[in-house]
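This chain uses plain numbering: 1 for the first residue, then up along the sequence. Just so you know, these numbers use all the heavy atoms, side chains as well, and skip hydrogens, waters and symmetry mates.
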Amino acid sequence: MDSLDYGVIGNCKTAALISREGSIDWLCLPDFDSPSVFTKLLDKEKGGSFSLIVSDSYNIVQTYVPFTNILCTQFLSDEHRFEVLDFMPRYRTNQNDYYMPAEIYRYIRLIKGTPVFQIRHEPVMNYAQEAALFKELPHFIKTYSSANEQDNFYLYSSLDHPSILKKKEIRLEKDEYLLLAYNQKLIPIDMERVYLEYERTKIYWLNWYNRSRRFKQYEDAIARSLLILKLMSYQESGAVLAALTTSIPETIGEV
């Protein structure tokens, strides 16, 4: 791997590593230690990723929504601008329970003009040992392993499904979304639901950090470290991961 300059999103269940160009290059589903579905971090040619591709006229800038684990990647040109807000939902449902499904929202927000991009949804299953197959259904695209159709996940989007699968150019004229979910959704997904999940997750992280100690020096760096360590804390046990790539086998071909 040439660079480890990645942003990270997570929800204490699993996590994803996202490049400075907004490409999801590492993701395990449904848990931290599950087999990977995107592995470009290890192999650019066959590792698989989930990215938005723009022309060379765009400048790409990445930062976090302040004091949250929501990653914002802005695609900027003189005439066209948009941003992708990546997050995994996490928030309280009552005093002791949390909503933290194994899923990623990619909230695509139009800023200026009518940007054009391609979506490359190129998963590979089980550390790239198994090909990913696709089945287009009315409300989602089902992705499943060539070795086991029960090993699957789902892509929901307000964008045209054939354009996603065929990697066609997409013209952004309003806010859109992509939702990668390990489980099939039982409720309808639309922009209102996406915005609600975004706000709930943002408020959760803001409230969590607000209870943390403040420092006079290096507060931004300390805050980012605290937030990342929190999302690396496995909800079931409270243990902190040694690394976000925890599911890489110690020896190739072994567990």
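Both the sub-6.0 Å distance and the 45° axial angle are satisfied by R224 relative to the ring of Y64. Under a cutoff of 6.0 Å and an axis angle of 45°, R90 and Y98 form a cation-pi pair. Relative to the six-membered ring of Y144, K135 meets both conditions, a distance below 6.0 Å and an angle of at most 45° to the axis.
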key: F75 vs I111, side-chain contact (heavy atoms from CB on, under 4.5 Å): CA-CA, chis, key distance, verdict   = CA-CA 10 Å; F75 297 81; I111 300 174; over 6 Å; no
request  = Show your reasoning for whether ring pair (Phe, Tyr, Trp, His ring centres under 6.0 Å) applies to F117 and F82.
outcome  = CA-CA 10 Å; F117 56 84; F82 69 101; 5.2 Å; yes
task = Mind running side-chain contact (heavy atoms from CB on, under 4.5 Å) on L27 and V37 for me, showing each step along the way?
result = CA-CA 6 Å; L27 173 65; V37 296; 3.9 Å; yes
request  = Applying side-chain contact (heavy atoms from CB on, under 4.5 Å), run through L159 and I108 and close with a yes or a no.
outcome  = CA-CA 10 Å; L159 297 167; I108 306 170; 4.3 Å; yes
ask   = Going through the distances and angles, do T245 and L17 end up as a side-chain contact (heavy atoms from CB on, under 4.5 Å)?
value = CA-CA 9 Å; T245 50; L17 295 176; 4.1 Å; yes
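Note on L165: it does not cluster hydrophobically with L133, by side-chain heavy-atom contacts below 4.5 Å among ILVMFWY residues. By the rule that hydrophobic residues join a cluster once side-chain heavy atoms approach within less than 4.5 Å of another member, I189 and L155 end up as members of separate clusters. One hydrophobic cluster, built from ILVMFWY side chains closer than 4.5 Å, cannot hold both L206 and F87; they sit in different ones. Criterion: ILVMFWY side-chain heavy atoms under 4.5 Å apart, direct or through other members. Under it, I9 and I203 are not part of a common hydrophobic cluster. No single ILVMFWY cluster, assembled from side-chain heavy atoms under 4.5 Å apart, contains both L85 and V8.
Side-chain N or O atoms of S19 include none that pairs as donor or acceptor with a backbone N or O of Y6 at under 3.5 Å. Of the possible polar contacts, none joining the N59 side chain to the L76 backbone as a donor-acceptor pair under 3.5 Å is found. At least one donor-acceptor pair closer than 3.5 Å links the side chain of N69 to the backbone N or O of L227. When atom types are taken as modelled, the side chain of S77 and the backbone of H80 share a donor-acceptor pair closer than 3.5 angstrom. For D190 (side chain) and R193 (main-chain N/O), a donor-acceptor pair under 3.5 Å exists by modelled atom type. Side-chain N or O atoms of S49 include none that pairs as donor or acceptor with a backbone N or O of S51 at under 3.5 Å. Using modelled atom types, no side-chain atom of N207 and backbone atom of W205 make a donor-acceptor pair closer than 3.5 Å. In this structure a side-chain-to-backbone donor-acceptor pair under 3.5 Å is present from S158 to Y177.
Residues L42 and Y127 have side chains not in contact (no heavy-atom distance under 4.5 Å, counting atoms from C-beta outward). With a 4.5 Å cut-off on side-chain heavy atoms, I164 and L178 count as touching. You'll find the side chain of T14 stays beyond 4.5 Å of the side chain of Y234, heavy atoms only. The shortest side-chain heavy-atom distance between Y198 and V65 falls under the 4.5 Å cut-off.
A pairwise comparison of heavy atoms in C12 and F32 identifies C-CE1, 3.6 Å as the closest pair. Residues V116 and V54 come closest through the heavy atom pair O-CG1, 4.1 Å. When every heavy atom of G10 is checked against every heavy atom of L231, the shortest pair comes out as N-CD2, 3.9 Å.
Within a 6.0 Å radius of CG in L186, no more than 12 heavy atoms belonging to other residues, nucleotides or ligands are found. In this structure, Y195 places its OH atom where only 12 or fewer heavy-atom neighbours from other residues, nucleotides or ligands lie under 6.0 Å away.
Judged as a salt bridge (Lys or Arg N to Asp or Glu O under 4.0 Å), the pairs with a partner in residues 66-87 (not counting sequence neighbours) are, in order, E83-R109, D86-R106. For the salt bridge (Lys or Arg N to Asp or Glu O under 4.0 Å) condition, the pairs that include at least one residue of residues 151-172, sequence neighbours left out, are E122-K167.
Checked against a 6.0 Å centroid threshold, the rings of F153 and Y182 do not count as neighbours.
Y156 and Y154 have tilted rings, their planes meeting at an angle from 30° to 60° on a 0 to 90° scale. Taking the six-membered ring where tryptophan is involved, the planes of F50 and F38 are essentially parallel, since the angle between them stays under 30° and well short of 60°.
In this structure, the side-chain hydrogen bond (donor to acceptor under 3.5 Å, both in side chains) partners of N210, at least two apart in sequence or on a different chain, are R214. By the side-chain hydrogen bond (donor to acceptor under 3.5 Å, both in side chains) test, K174 pairs with E176, sequence neighbours left out. Legend: residues meeting side chain to side chain contact (heavy atoms under 4.5 Å, CB included) with N94, ordered by chain and number and at least two apart, are N96, D97. Scanning for side-chain hydrogen bond (donor to acceptor under 3.5 Å, both in side chains) contacts around S145 gives E130, with sequence neighbours left out.
Separation of atoms CG (N152) and CE (M125) is listed at 7.0 Å; rounding is to 0.5 Å.
Side-chain contact annotation: Y91 with E197, donor-acceptor N/O pair under 3.5 Å present. With no hydrogens or angles considered, no side-chain donor-acceptor pair links T114 and E173 at under 3.5 Å.
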